[in-house]
Amino acid sequence: MLNDLMEKRKKTLAESEEHKNRRNELNANASKFARERNTLNNQTREFVEEAQKNKDLRDKSNQEVLDIKAQRNEMNDKANVLFEDIESFKKEHGTQKNRGVKELQKQIEYMEYRQQTEVFTTDKERELIEKIKQMKGQVREQEAELEQNKEMRTKVNEAREFRKQASDLHAKVTEVAELAQKHHDLMVESYRKADKSREAADAAHKSFVEAQEAADAEHKFFIACQKELRDYDKVISGLRKKTKKVKVTKEQKAVRKEAESLFKNFRAGEKLTTDDILLLQRSKLI
């Protein structure tokens with residue numbers, strides 16, 4: 001029975017070691033996944049902060065676009081008022097049969113816009129450039145004629161200045177709008193990276209939870225094995241003590257029996273050796 005228990009204890013001990021090693025391995029994996037998750041969460045936070053920074057810059061640029069557009073429109077409105085005065089003067093004095101400066105200027109702006117935004121063949125683009133050139137020439141001619149009148153000359157110069165300021169502001173609008181778009185694109189890209197990083201962090205967290213739960217299960221098995229080993233040790237220890245006690249009792253009986261035989265012989269007159277005397281003394285027969 002003792003040998004059977006020892007064999008079972010050996011098997012349980014091996015199982016206990018297996019569960020302990022597996023638990024330690026799973027805990028190590030859980031720690032690795034936790035570090036990976038934390039790193040990814042930090043990256044996600046950085047991407048979100050970068051996205052927010054670009055969002056703020058985009059909104060600031062968009063507001064600046066609105067402000068500059070308002071200034072540009074104000075300059076155009078002032079120029080238009082002057083050009084209307086000029087047109088009225090021309091009609092009153094009948095000095096121009098062609099289209100007015102204001103109309104020509106609108107046509108020039110429209111064609112320049114088409115040139116910048118549309119795709120033309122080489123011949124078509126050359127034709128468009130030539131038309132713009134002709135219209136600008138007409139504007140200069142009409143303005144030159146108007147400049148013969150001192151009052152009109154002043155208004156023409158003021159209108160030109162307002163148009164120039166409006167044009168400069170329009171260029172600024174385009175520049176700031178492009179900057180706003182750049183920050184918008186960076187914001188979108190940062191949010192995309194944040195989503196991707198967050199997804200990876202969630203996957204790492206899931207792996208962490210699975211590894212931790214598996215480690216906890218292995219730890220429970222390990223604890224159960226340790227309890228079983230303690231139970232085996234108690235039973236084995238008890239059996240060993242009992243076996244030892246039985247063995248001692250048998251030896252004592254054998255010694256007693258031998259001592260009684262020697263004592264009987266001694267009483268019958270036989271001589272005793274030193275060892276015989278010591279044996280009789282241990283048995284408390286003399």
Side-chain angles (χ1 to χ4, degrees), residues 1-53 187-262 274-276 278-285:
M1 182 178 179
L2 182 61
N3 290 337
D4 184 46
L5 287 172
M6 291 290 291
E7 190 62 29
K8 288 181 178 179
R9 184 188 185 282
K10 183 178 178 182
K11 183 179 179 182
T12 301
L13 179 62
E15 290 178 358
S16 175
E17 286 299 309
E18 288 178 5
H19 289 306
K20 182 180 75 172
N21 292 336
R22 181 60 180 159
R23 177 202 65 189
N24 293 343
E25 180 184 349
L26 287 165
N27 276 330
N29 287 338
S31 296
K32 182 189 74 173
F33 288 129
R35 288 193 298 272
E36 182 180 345
R37 175 202 61 197
N38 293 341
T39 298
L40 288 166
N41 279 333
N42 288 335
Q43 286 182 358
T44 300
R45 190 158 41 249
E46 290 173 0
F47 287 138
V48 170
E49 289 174 356
E50 184 68 18
Q52 185 61 48
K53 181 180 76 173
M187 177 197 73
V188 171
E189 178 63 16
S190 292
Y191 275 133
R192 187 191 66 78
K193 289 180 179 179
D195 289 340
K196 187 175 180 181
S197 181
R198 187 181 294 107
E199 183 180 344
D202 290 343
H205 180 68
K206 181 180 178 183
S207 296
F208 160 75
V209 171
E210 290 173 351
Q212 192 65 63
E213 288 177 349
D216 291 343
E218 290 295 334
H219 182 67
K220 288 180 181 178
F221 288 135
F222 170 74
I223 295 300
C225 287
Q226 289 294 305
K227 182 179 181 302
E228 192 173 348
L229 285 172
R230 288 193 295 272
D231 292 340
Y232 278 130
D233 288 341
K234 287 179 182 178
V235 175
I236 290 171
S237 177
L239 286 174
R240 281 176 172 170
K241 287 180 180 179
K242 185 177 180 180
T243 301
K244 184 178 180 181
K245 184 176 181 181
V246 169
K247 183 179 179 181
V248 169
T249 301
K250 287 181 178 179
E251 289 177 353
Q252 288 176 344
K253 286 181 178 179
V255 170
R256 179 75 180 184
K257 186 176 180 181
E258 183 181 357
E260 288 177 348
S261 177
L262 286 173
T274 303
D275 290 338
D276 293 339
L278 290 174
L279 180 60
L280 290 172
Q281 288 176 342
R282 285 202 304 276
S283 300
K284 297 181 180 180
L285 293 177

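- Residue pairs satisfying the ring-ring contact (aromatic ring centres under 6.0 Å, His included) criterion with at least one member in residues 13-45, sequence neighbours excluded, are listed as follows: His19-Phe221.
- Listed by chain and residue number, Gln226 satisfy the side-chain hydrogen bond (donor to acceptor under 3.5 Å, both in side chains) test with Ser16 (two or more places apart in sequence, or in another chain).
- Judged as a side-chain hydrogen bond (donor to acceptor under 3.5 Å, both in side chains), and not counting sequence neighbours, Asn21 has no contacts.
- By the side-chain hydrogen bond (donor to acceptor under 3.5 Å, both in side chains) test, Asp195 pairs with Arg198, sequence neighbours left out.
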Validation: residues 203-217 side-chain donor-acceptor distances under 3.5 Å, sequence neighbours left out:
| residue | atom | partner | partner atom | Å |
| --- | --- | --- | --- | --- |
| His205 | ND1 | Arg37 | NH1 | 3.0 |
| Ser207 | OG | Ala203 | O | 3.2 |
| Gln212 | NE2 | Asn27 | OD1 | 3.4 |

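- For Glu189, the salt bridge (charged side-chain N to carboxylate O under 4.0 Å, His left out) test picks out Arg192, with sequence neighbours left out.
- Arg22 is linked by a side chain to side chain contact (heavy atoms under 4.5 Å, CB included) to Glu25, Leu26, Glu218, counting only residues two or more places apart in sequence or in another chain.
- For Lys20, the salt bridge (charged side-chain N to carboxylate O under 4.0 Å, His left out) partners are Glu17, not counting sequence neighbours.
- By the salt bridge (charged side-chain N to carboxylate O under 4.0 Å, His left out) test, Arg23 pairs with no residue at all, sequence neighbours left out.
- Not a single ring pair (Phe, Tyr, Trp, His ring centres under 6.0 Å) links His219 to another residue, sequence neighbours left out.
- Scanning both residues, Asn41 and Ala201, for their nearest heavy atoms gives OD1-CB, 3.4 Å.
- Pairing each heavy atom of Ala194 with each of Val48, the nearest pair is CB-CG2, 3.8 Å.
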Under the criterion side-chain contact (heavy atoms from CB on, under 4.5 Å), I'd like the reasoning laid out for Leu13 against Lys10: C-alpha separation, chi angles, the key distance, then a yes or no.
CA-CA 5 Å; Leu13 179 62; Lys10 183 178 178 182; 5.6 Å; no
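- Lys8 NZ to Leu229 CG: the interatomic distance, rounded to the nearest 0.5 Å, is 13.5 Å.
- Residues passing the side chain to side chain contact (heavy atoms under 4.5 Å, CB included) test with Glu46, sequence neighbours excluded: none.
- No side-chain donor-acceptor contact under 3.5 Å links Arg35 and Asn38.
- Here Lys196 does not pair with Glu199 in a salt bridge; the nearest charged N to carboxylate O distance is not below 4.0 Å.
- Note: Lys193 NZ to Glu50 CD = 8.5 Å, rounded to the nearest 0.5 Å.
- Judged as a side chain to side chain contact (heavy atoms under 4.5 Å, CB included), and not counting sequence neighbours, the contacts of Lys227 are Arg230, Asp231.
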